[in-house]
Amino acid sequence: MKIQKVKQNLKLSTIEGCFWAIMYGGGETFLSACAVFLQFSAFQISFLSSFPPFIGSCFQLFSATLKNKFRDIKQFVVTMSYVQALLWLVLIYLLFYKPTYKYILIWSCFYWTIGTIIQPAWTAWMGYFVPRRIRARYFGKRNRIIGFISFLATFVAGYILDIFNENMIFGFSIIFIAAFVGRTISAFYLNKKFNFEERETKNLIEYIYTFKNLVNQQNKSFYYIMFSSYINFSIMFFGPLFSIYILRTMELSVFIYTINMTLWQISNFSSSNYFGKLCEKIGDYKVLKLSTYTIVFLPILWILLYYLNDQLQIIATFLVSILAGICFSAYTLSSFNLVYKISEKEDVIHFSALNTFIRGFAILMGGILAGLLVESKFVAEFSKNFNLIPIHFSMLVSVFLRFLSIPILNKIK
């Protein structure tokens with residue numbers, strides 16, 4: 001691909017990412033809050049956060065096969081992006097006419113399926129035209145810009161929900177319409193990008209057979225997938241319950257919840273450029289390791305701030321959200337960059353799909369177990385003996401499990 005086309009694609013990728021961020025910041029970020037508004041239980045919300053991604057990861061295994069049904073990888077990504085945009089309109093319809101758990105769960109399965117089958121194709125597409133020498137710096141800069149737009153979208157969406165506090169269904173409808181518009185424009189800019197000449201890749205069966213040999217050889221690819229899956233499994237013991245913890249357990253307002261989300265995003269995008277440079281300087285693996293060590297102990301901070309007085313509690317949630325945003329900025333960027341280093345260029349689409357499938361299964365198991373723990377009468381009684389609540393017990397389990405991910409991480413080096 002000529003240099004001019006590469007530069008054009010890099011610019012367009014940043015622009016389309018900014019409109020995607022409107023969908024993410026103003027739409028996806030508030031799906032859990034919407035579930036809380038609909039009065040779903042802790043187990044239902046955990047299952048809603050884990051089962052649809054797993055279903056999506058199952059279909060993602062065949063994303064390369066699905067892609068072959070289209071003219072090229074560009075047409076596949078663009079078409080699926082438009083379909084994902086339309087699903088936000090379907091969600092608005094459900095909120096007004098079918099706001100039951102069954103229909104929201106079915107919608108989530110469709111939404112995550114479309115989103116996840118796009119990912120490996122998009123990742124492979126980006127890998128072909130982003131030069132290796134500038135990859136960490138480019139994605140760091142891109143993430144910072146996209147993160148800023150996502151922060152603005154989250155803040156505005158939260159403000160809208162606060163305005164419609166007495167009629168939340170209209171508030172959610174407005175922000176989900178914005179998510180539809182953002183994704184539609186994102187797909188439009190995806191379509192303006194140049195394509196590349198694709199190399200013929202292995203089919204799924206051939207790749208899995210090859211990967212099986214890598215497992216037997218205890219290859220880095222195998223350990224990377226195991227680490228990615230296990231750390232996400234452990235995070236699910238608190239991640240999906242965050243909205244419940246803030247809105248129900250701590251009884252903070254939607255506005256405070258929004259501020260926490262925006263602070264997370266501000267710290268996430270503002271530090272991403274720094275971590276892009278740091279990855280170039282000391283390597284992606286070292287950055288991944290440093291971020292993982294910090295992520296292990298984050299739930300402990302959330303437990304401690306529960307026992308503070310009201311004013312200190314709110315300030316503490318802001319500080320912990322900032323720290324979490326920084327940690328996950330380093331984790332996301334370094335782990336994403338490692339995908340290109342660990343897998344062969346022509347196998348990125350299959351490697352990404354296989355990684356997402358196994359990670360999706362781990363997330364499902366984590367979400368189910370977390371929901372059962374929080375609603376367990378035995379756990380409730382046991383927690384009282386230590387002046388804890390069930391969700392705190394789930395968070396301590398998360399810390400323990402996260403700590404056990406470190407030995408797996410050490411195998412990647």
Keeping Glu16 on the side-chain end and Ala187 on the backbone end, is there a donor-acceptor pair under 3.5 Å? no
Exactly one of Val77, Thr79, Ile118 should register a side-chain contact (heavy atoms from CB on, under 4.5 Å) with Leu190. Which one does? Val77
When every non-hydrogen atom of Ile117 is compared with those of Phe76, the smallest separation belongs to O-CE2, 3.5 Å
Only one of Phe176, Phe170, Phe172 passes ring-ring contact (aromatic ring centres under 6.0 Å, His included) with Phe96; say which it is. Phe170
Would a line drawn from the ring center of Trp88 to the ring center of Trp107 be shorter than 6.0 Å? yes
Closest heavy-atom pair and its distance - Ser228, Tyr331: CA-OH, 4.4 Å
Is there a donor in the side chain of Asn143 and an acceptor in the side chain of Ser272, or the other way round, less than 3.5 Å apart? no
For Leu161 and Gly171, work out which heavy atoms get closest and say how close. CD2-C, 3.5 Å
Tell me whether the rings of Trp264 and Phe328 are parallel (<30°), tilted (30 to 60°) or perpendicular (>60°). tilted
Got Ile363 and Phe54 here, is their nearest side-chain heavy-atom distance under 4.5 Å? no
Scanning both residues in full, the closest heavy-atom pair of Pro390 with Val374 reads CB-O, 3.4 Å
Between Thr154 and Ser150 (side chain of the first, backbone of the second, donor and acceptor by atom type, cut-off under 3.5 Å), is there such a pair? yes
Ignoring hydrogens and geometry, is there a side-chain-to-backbone donor-acceptor pair from Ser334 to Tyr285 under 3.5 Å? no
Between Ser81 and Arg183, do the side chains contain a donor N or O and an acceptor N or O under 3.5 Å apart? yes
Scanning both residues in full, the closest heavy-atom pair of Ala362 with Phe233 reads O-CD1, 3.1 Å
On the 0 to 90° scale, with breaks at 30° and 60°, tag the Phe238-Trp302 ring pair as parallel, tilted or perpendicular. tilted
Report yes if the distance between the aromatic ring centroids of Trp112 and Phe51 is under 6.0 Å, otherwise no. no
Would you find a donor on one side and an acceptor on the other, under 3.5 Å apart, between the side chain of Thr332 and the backbone of Ser329? no
Would a line drawn from the ring center of Tyr293 to the ring center of Phe297 be shorter than 6.0 Å? no
Supply the atom-to-atom distance Asn268 CG to Phe151 CZ, rounded to the nearest 0.5 angstrom. 13.0 Å
What's the shortest heavy-atom distance between Leu10 and Tyr138, and which atoms? O-OH, 2.8 Å
Who are the salt bridge (Lys or Arg N to Asp or Glu O under 4.0 Å) partners of Arg359, not counting sequence neighbours? none
Apply the test side chain to side chain contact (heavy atoms under 4.5 Å, CB included) to residues Phe47 and Leu105: give CA-CA distance (whole Å), side-chain angles for both, the deciding distance (0.1 Å), then the verdict. CA-CA 9 Å; Phe47 192 74; Leu105 179 62; 4.0 Å; yes
Donor-acceptor under 3.5 Å (Ser398 side chain, Ser234 main chain): yes
Tell me if a side-chain donor or acceptor on Ser405 pairs with a main-chain N or O of Tyr230 at a distance below 3.5 Å. no
Heavy-atom count around Tyr24 OH within 6.0 Å, excluding the residue itself: above 12? no
Determine yes or no for a side-chain-to-main-chain donor-acceptor pair under 3.5 angstrom, with Thr292 supplying the side chain and Leu288 the backbone. yes
Could you check whether Gln313 and Tyr307, counting side-chain N and O atoms only, form a donor-acceptor pair closer than 3.5 Å? no
Determine yes or no for a side-chain-to-main-chain donor-acceptor pair under 3.5 angstrom, with Lys74 supplying the side chain and Lys193 the backbone. yes
Would you confirm whether Arg144, through its side chain, and Ser271, through its main-chain N or O, come within 3.5 Å as a donor-acceptor pair? no
